[in-house]
Amino acid sequence: MKKIALYPGSFDPFTNGHLDILLQGLAIADEIVIAIGLHSSKAGMFTFDERKALITKVVPEALSKRISVISFKNLVVDTARDAGATILLRGLRDGTDLDYEMQMAGMNGAMASDVQTVFLPSSPETRPITATLVRQIASMKGDASSFVPDVVAEALKLKND
Ligand code: ADP
């Protein structure tokens with residue numbers, strides 16, 4: 001049976017940190033469904049369609065059959081079940097991530113024991129990267145190109161011109 005992992009987040013925009021976890025995740029899952037959370041209270045910098053298009057451009061062609069992108073507004077565990085995923089993939093950067101992620105993993109596990117949270121540690125080079133800081137840098141016309149794939153850096157420039 002295929003092992004499917006759901007990788008939930010905002011991905012606003014997709015960073016080198018997200019890419020690192022995605023590529024690591026392919027070592028433990030046959031397929032990864034990237035689930036972009038859309039909350040009406042948080043508009044974000046990029047629309048769902050823009051975020052999805054950027055991710056599609058960043059994913060290497062050879063891996064594209066194993067990766068898909070969806071949006072979600074409901075509970076992560078329900079989204080995982082709907083996608084047929086038994087793994088919930090999350091990246092860990094530091095102790096702050098760990099504290100928050102442990103709470104979510106505990107509560108998600110209590111709601112859905114059939115969906116297992118798997119934490120993957122960020123690689124040293126991408127560990128400091130957060131999408132929030134990337135957006136702040138770009139909105140102040142800074143150069144975020146060390147933190148995001150090239151197509152995302154170009155999109156950030158256009159968006160903040
Ligand atoms: P951010 O926290 O950067 O706004 P998201 O909410 O989109 O990102 O996070 C989606 C998932 O990606 C989370 O599990 C988060 O911990 C993980 N992630 C984000 N950036 C990194 C990074 N630099 N290294 C490892 N994991 C990351």
Side-chain angles (χ1 to χ4, degrees), residues 4-29 31-59 63 66-80 83 85-109 112 115-140 142-153 155-156 159-160:
I4 303 175
L6 190 87
Y7 181 27
S10 305
F11 306 104
D12 185 29
F14 196 75
T15 67
N16 290 341
H18 294 135
L19 182 61
D20 169 48
I21 297 301
L22 180 71
L23 297 179
Q24 288 194 57
L26 288 171
I28 57 166
E31 287 176 20
I32 297 183
V33 179
I34 299 175
I36 301 180
L38 301 177
H39 309 281
S40 46
S41 59
K42 237 173 91 182
M45 181 174 275
F46 292 93
T47 64
F48 166 71
D49 287 339
E50 288 170 334
R51 291 180 219 181
K52 180 176 175 172
L54 288 173
I55 294 171
T56 307
K57 280 184 200 157
V58 169
V59 167
L63 300 174
R66 295 173 62 196
I67 295 160
S68 54
V69 184
I70 62 169
S71 66
F72 75 101
K73 282 187 176 160
N74 51 347
L75 284 176
V76 164
V77 286
D78 289 340
T79 308
T86 51
I87 296 173
L88 207 53
L89 195 63
R90 299 291 292 173
L92 282 187
R93 286 165 285 205
D94 51 25
T96 307
D97 273 356
L98 179 69
D99 287 343
Y100 176 62
E101 295 292 340
M102 284 299 289
Q103 291 178 344
M104 285 213 299
M107 295 185 79
N108 282 334
V115 181
Q116 189 184 17
T117 298
V118 173
F119 296 141
L120 292 175
S122 54
S123 297
E125 318 80 62
T126 54
R127 189 175 165 182
I129 302 172
T130 81
T132 305
L133 286 179
V134 163
R135 287 195 303 277
Q136 282 181 9
I137 292 167
S139 65
M140 291 170 197
D143 179 9
S145 59
S146 315
F147 314 120
V148 294
D150 289 348
V151 284
V152 177
L156 279 166
K159 183 70 77 177
N160 293 282

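Read the numbers this way: they start at 1 and go in the same order the structure lists the ligands and their atoms.
Contact residues of ligand 1 (protein heavy atom closer than 4.0 angstrom to a ligand atom; sorted by chain and number): Tyr7, Pro8, Gly9, Ser10, Phe11, Gly17, His18, Ile21, Arg90, Gly91, Arg93, Asp97, Ser122, Thr126, Ile129, Thr130, Ala131.
A donor and an acceptor atom, one from each side chain of Asn16 and Thr126, are nowhere located under 3.5 Å apart. Side-chain contact annotation: Ser139 with Asn160, donor-acceptor N/O pair under 3.5 Å absent.
The number of heavy atoms from other shown groups lying within 6.0 Å of CE (Met107) does not exceed 12. In the displayed structure, Asn74 atom CG is contacted under 6.0 Å by more than 12 heavy atoms of other residues, nucleotides or ligands.
With salt bridges taken as basic N to acidic carboxylate O contacts below 4.0 Å, none links Arg66 and Glu31.
Looking at Ser145 and Asp150, their side chains never come closer than 4.5 Å, going by heavy atoms from C-beta outward.
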